[in-house]
Structures are given as C-alpha cells and as structure tokens.
Amino acid sequence: MPDPQLVLAARVQDALSAAFGPSYADADPVIRPSQFADLQANVALPLAKKLGRKPREVADEIVKNLDVTGVVSDVQVSGPGFINLTLSDVWIAGEAQRALEDERLGVPATGHPQKVVVEYSSPNVAKEMHVGHLRTTIVGDAIARILDFLGHDVVRDNHVGDWGTPFGMLIEHLLDLGEDAAARGDSSVRDLTAFYQAARQKFDGDEGFADRSRRRVVALQAGDAETLRLWNVLVDVSKNYFNSVYGRLGVTLTDDDIKGESFYNDLLAPTVQELEDKGIAVVSDGALCAFPPGFTGREGEPLPVIIRKSDGGYNYSTTDLATIRYRVDTEHVDRMIYVVGAPQALHFQMVFAVARMAGWLNDDVRAEHAQIGNVLGTDGKILRTRAGGTVKLAELIDEGIERAGAAYDEVQHDESFDAATRAAIVQDVGIGAIKYADLSVARDSEYVFDFDRMISFNGKTGPYLQYAAARIRSIFRKGGLTPDEATGPIRLTDPAERALALQLLGFGAALEQAGETAEPHKLATYVYSVADAYTTFHENCPVLKAPDEETKASRLALCAATLRTLTTGLALLGVPTPERM
Ligand code: ARG
C-alpha cells in the first residue's frame, strides 16, 4: 500500500535531482504532516542553507520541477519555504479501493525476508509467572505476529529458566513430597510459589537438605538419568501451567517453541573453549572472564563478563553467549530480538559486546534488547499485592475478566445474549483490555496498571476498539450483506470519508515501523487512529440510509476496508475482536 508520505517523498526527490542535480536524489525531503494541507515538504530550508540561497526561492524551484499529477491536487509554498501538499481525493479513493480489493490490504510481503528469532516470555520453571512476564509475553507475541505478517521467517523462542543450582533443592523437595504428589496435581506442587518457597526455606534452614541439594545439582549437571527424570517431572508441571496462561491470553507460544537454558547445556564448554581460543576469555581472580571494551565500573576499572566461575560452574551470561553462537552457527538467523525487562539492559549490552568480539554478531547479524519497562501499581510503585507479594499473572487475568464482566453489564447493548455468549464476549473484552493497555504504551516505558482505565469503553482502550469493529459488523448484519460483498467503488465526498480513507492508507507504514523497531505500540496507536476516524465518519455519514445508492455502496466499502484494517491490526496485536458485543 503506498503510504502517501513515501509516495510524495519519492516525487520530491525526483524534483530535487531535476532542479539541483543527481547528487540531491537521496536527500531527505523532510515530509511531515501539515496543519494547512495533508503533508508538507520542508526540505527547502536545510537545502537553502547548503546552497547559500533564499529558502523561498529554493522551494519555488522544487515546485517548478515537481511532478505530482494524479496524486496531489494542490501545491502551495507558504511561510519561509514550506511546500504544502494536498492529496487528490480521487487518488486517495483509488488507493483505498486497491487496499479493499487486496487480501493483504495492500501491504506487500517484504522483498528482503529475514530469519528473525523473537525470544519472549521466558518464565522460570518451578516459579509462578508474575506481572513482569505479562509484558515480555504479550509484547513479544505481537512482535512475532507483526514480523510474520510482513513476510519474515520468524522463530518464536521461549528461553525458559529451567537449569541451574536451584534445581537441586527443587528436586529434593519434590522427593520429600513424593512424586505422586506431582502426578496427582497436588496443590503442594501445583502452587509453584509455595513449592519454591518451601524448598528455599528447607535449603536455608536444614544443613542435611542443603547437602543433598548440592549433590543433586552435580548429578543433574552430569546427566544422571534418574535425576533428569525427576527434573522433567518439574519441567512438565511448569509447562502445563505456562500453557494454561498462554491459552487464556491467546498467546501463540507452544511447547515446540521452548528452548530453555537446559537446551544449551552441552554447548557451554565448546562456547567457552572458542572464547579462550580467540583470546577473548582470560583468567582473572580465578574466574574466566571477558572484558568487552567500553564497560567500566565506578572507579574506571574494566567490567568483566564472568564466563566460568572459579568453582568451574557456568552462569547466566555463559548460556546467553552459547545461545547467540548456536543461533548464528546452527540456525543462521539474521536478527535476534530479546524481549526482556529493562533491568537486564547492561547484561545484554555486555553479552552482545562479547559476541561481537567473537565475530558471532556483526553488521549482518543483529541482536537487540527490546526492553520492557516495569508495571506499576496505582501508587506509582512496582505493582504488588496488598500483602506486598509479587502479583501472580493468573490471578491478574481472573480479576481482569471479572471486572470486564461488571463493566460490560453496565453499558447498553443493542442485543441481549445468552449466558455462554456473554461469557465469551466478556472473556475477549477482559483479555483485550489488558493486552491493549500494555501494547499501547511504548514497551520500554513504565505504566500504571489500572483496571478502571483499561476496561473503559471510551478512550484509547481495547474495549473501545473491539466495540468499533463490532459496530461495523452490525451495520452489515442490518444491511443484509457480508463485508466481502461491499465492493464499492469508493468515492470521497464528505471530509469524514476522506479522512477515514487517508487513515487506512497508513497501515503498511505503521506495520513496517513497528516491525523495524520491534515496537508494537506504533501499530496500537495506528489502529486507534483508524477507529477514531471511523467514529467521526459514523457520526457524520449515514451508511444504510445514505442519500443515494452510489454513496451507500461507497460507504459500505469504506466500512468493509475499515473493519478489515481494525481486525487485522488488532489480530497482529493479539487482541481478539468479538463478532457481536
Ligand atoms: N528467565 C528470565 C526471567 O524470568 C528471563 C530470561 C531472559 N532471556 C535471556 N536470554 N537471558 O527473568
């Protein structure tokens, strides 16, 4: 779909090279939204400086060479040298029509598909998922869906924490409770927080237990079959639990996407060996360390990435380095996106720096930390339970759906639904509210978790967007046709029709930017602006009662294109859109 901004950028660049020579063909035409027209090109100002001429003169010269026939209906030079560009109604209508007729809404699949690992969710085995994992899960899933849609080869990767020293005590605790407790789904095992805490308490207070646990870690690392079997029992209990959360949230992760820390266990030694061979890893204070350039501590001393501890054990960084090496050597990926909390920023910067020293990362293979900000309570501090504990994700979802039910019952509905239909709608509203609230803020900024705000049917919320889609569907039901049967042609007469159609043309650019920067909020913001333009259209332009058949056909087509843009955009955010509300 031709984003008007890109179309005009190319035309202005042609004019620049015609007016000032081919060396200006790549100059940034500085196309921006305009108060006085649809867009304005501001390139004359910086260019005038460079040429030592008056900006207004430069602008006139660009306009003289500008060929925008068929695209722009009016060109005006204003102020010091802004070029105001008003798009032609016929052009907008034609492009909206093309989008309507295309199953991808005019968004082409990329001509340069990349293999992209999106590493997200990554909870820890034998621990409850908490509210921090809400964001790494939802944001990561949206990034994966968007890149998929854009035509990339996406590898979903759930890097669960399933290895390391705690598993000694967890296995011993499981043995104390009796394995059958796990098989029965006994709450002592199923309640992961309680299970973990009980194990921890015994480890801290009972020397004998701590001893057994340490021996168990050694057996685990050595690949002892019985120990691995017990470890698997724990992993399975957690996987079931993760899957239940993913299922409720509508997250696309499956067991096949799990490549936990344990997966890289056998690759740790060869990874470390390669770092030693390349002279990157050196012994310092008994530990094997790498010192990536540019990282220093408070006193200016070089900061180490510890690769092998003095006791011979590997740690978190070692696993992440082995992971990068595996993805490059075996999976041949072009891009890795780590959707992980912002507190781990330094860790990733340093790990990436070491991977660059080793040659695993370079200009052709990118790794990026898609940082996730904290979720705050209404008191502005990290979200906690009233008792001060971490908020369990499963309980948060329960509460969201319950509150969505109450909010839903308070608003007027055109139709009444049976209990099962209502429950399904409420489920979608609750989940949609939580997910959209999370996705509509920049992923690296903090936000206040406030059910009242996110579940509202007004404002920049999931339920508002879901409602906009349902409202369009109901027009088609009342009109006795399906959205697919609305084929136009689209003609634009009312300003609200024009504004809506213009908004629809921005879908491809919004997706492109969201995928490029791994920032789903750019898509979330776009979808909202479509719904907003639709609301104005809805208030000003009767559809089924349009003044004549041609207008009615055009408006139905605009409704159909809007509906598909909304549902596709929301689906790429993982937000469900109920048929009726
Ligand atoms: N399991 C970790 C946690 O819950 C996140 C893992 C992040 N990914 C990584 N490659 N280090 O905090």
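As the structure is a prediction and not an experimental result, all values here were calculated from the model. Order of listing sets the numbers, starting from 1, for every ligand and every atom in it.
- Protein heavy atom closest to atom 1 (N) of ligand 1, with residue, atom name and distance, is Asn124 OD1, 2.8 Å.
- Numbered from 1 in the order shown, with element, the atoms of ligand 1 that lie under 4.0 Å from a heavy atom of Tyr316 read 5 (C), 6 (C), 7 (C), 8 (N), 9 (C), 11 (N).
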Take Glu274 and Trp360, measure what side chain to side chain donor-acceptor pair (under 3.5 Å) needs, and give me the verdict at the end. CA-CA 11 Å; Glu274 187 176 333; Trp360 301 325; 3.0 Å; yes
Show me the donor-acceptor pairs, under 3.5 Å and distance only, between side chains in residues 139-162 and residues at least two apart or in other chains.
{"from": "Asp141", "atom 1": "OD1", "to": "Tyr120", "atom 2": "OH", "distance (Å)": "2.6"}
{"from": "Asp141", "atom 1": "OD1", "to": "Thr252", "atom 2": "N", "distance (Å)": "3.2"}
{"from": "Asp141", "atom 1": "OD1", "to": "Thr252", "atom 2": "OG1", "distance (Å)": "2.5"}
{"from": "Asp141", "atom 1": "OD2", "to": "Arg145", "atom 2": "NE", "distance (Å)": "3.1"}
{"from": "Asp141", "atom 1": "OD2", "to": "Arg145", "atom 2": "NH2", "distance (Å)": "3.2"}
{"from": "Asp141", "atom 1": "OD2", "to": "Thr252", "atom 2": "N", "distance (Å)": "3.2"}
{"from": "Arg145", "atom 1": "NH1", "to": "Ala571", "atom 2": "O", "distance (Å)": "3.1"}
{"from": "Arg145", "atom 1": "NH2", "to": "Gly250", "atom 2": "O", "distance (Å)": "2.8"}
{"from": "Asp148", "atom 1": "OD2", "to": "Arg156", "atom 2": "NH1", "distance (Å)": "3.2"}
{"from": "Asp148", "atom 1": "OD2", "to": "Arg156", "atom 2": "NH2", "distance (Å)": "3.3"}
{"from": "His152", "atom 1": "ND1", "to": "Gln114", "atom 2": "N", "distance (Å)": "3.0"}
{"from": "Arg156", "atom 1": "NE", "to": "Thr252", "atom 2": "OG1", "distance (Å)": "2.8"}
{"from": "Asp157", "atom 1": "OD2", "to": "Arg327", "atom 2": "NH2", "distance (Å)": "2.9"}
{"from": "Asn158", "atom 1": "OD1", "to": "Ser122", "atom 2": "N", "distance (Å)": "2.8"}
{"from": "Asn158", "atom 1": "ND2", "to": "Tyr246", "atom 2": "OH", "distance (Å)": "3.0"}
{"from": "Asp162", "atom 1": "OD1", "to": "Glu261", "atom 2": "N", "distance (Å)": "3.0"}
{"from": "Asp162", "atom 1": "OD1", "to": "Ser262", "atom 2": "N", "distance (Å)": "2.7"}
{"from": "Asp162", "atom 1": "OD1", "to": "Ser262", "atom 2": "OG", "distance (Å)": "3.4"}
{"from": "Asp162", "atom 1": "OD2", "to": "Ser262", "atom 2": "OG", "distance (Å)": "2.7"}

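- Using a non-hydrogen distance threshold of 4.0 Å, His133 registers as a contact of ligand 1.
- Among the atoms of Glu119, some N or O lies under 3.5 angstrom from an N or O of ligand 1.
- Judged purely by atom type and a 3.5 angstrom limit, Glu179 has no side-chain atom pairing as donor or acceptor with the backbone of Leu230.
- Nearest non-hydrogen protein atom to atom 10 (N) of ligand 1 is Asp320 OD1, 2.7 Å.
- Within the 4.0 Å heavy-atom criterion, neither part of Tyr264 lies near ligand 1.
- Near His159, meaning under 4.0 Å from one of its heavy atoms, ligand 1 places the atoms 8 (N), 9 (C), 10 (N).
- Closest heavy-atom approach to atom 2 (C) of ligand 1 within the set Ser122, Gly161, Pro343, Gly341: this belongs to Ser122.
- Applying ring-ring contact (aromatic ring centres under 6.0 Å, His included) to Trp163 and the options Tyr316, Tyr264, Trp231, Tyr314 leaves one that passes, Trp231.
- A 4.5 Å side-chain heavy-atom check between Pro166 and Tyr196 finds at least one atom pair inside the cut-off.
- For ligand 1 and Gln344, the ligand atoms under 4.0 Å from any heavy atom of the residue are 12 (O).
- The distance between the ring centers of Phe449 and Phe451 falls below 6.0 angstrom.
- Using a 4.0 Å cutoff on heavy atoms, Lys127 does not count as a contact of ligand 1.
- Of all the atoms in ligand 1, the ones that sit under 4.0 Å from a non-hydrogen atom of Val340 are 7 (C), 8 (N).
- The main-chain N or O of Lys522 is never found under 3.5 Å from a side-chain atom of Thr525 such that the two would form a donor-acceptor pair.
- No salt bridge links Arg216 with Asp211; every basic N to acidic carboxylate O contact stays at or beyond 4.0 Å.
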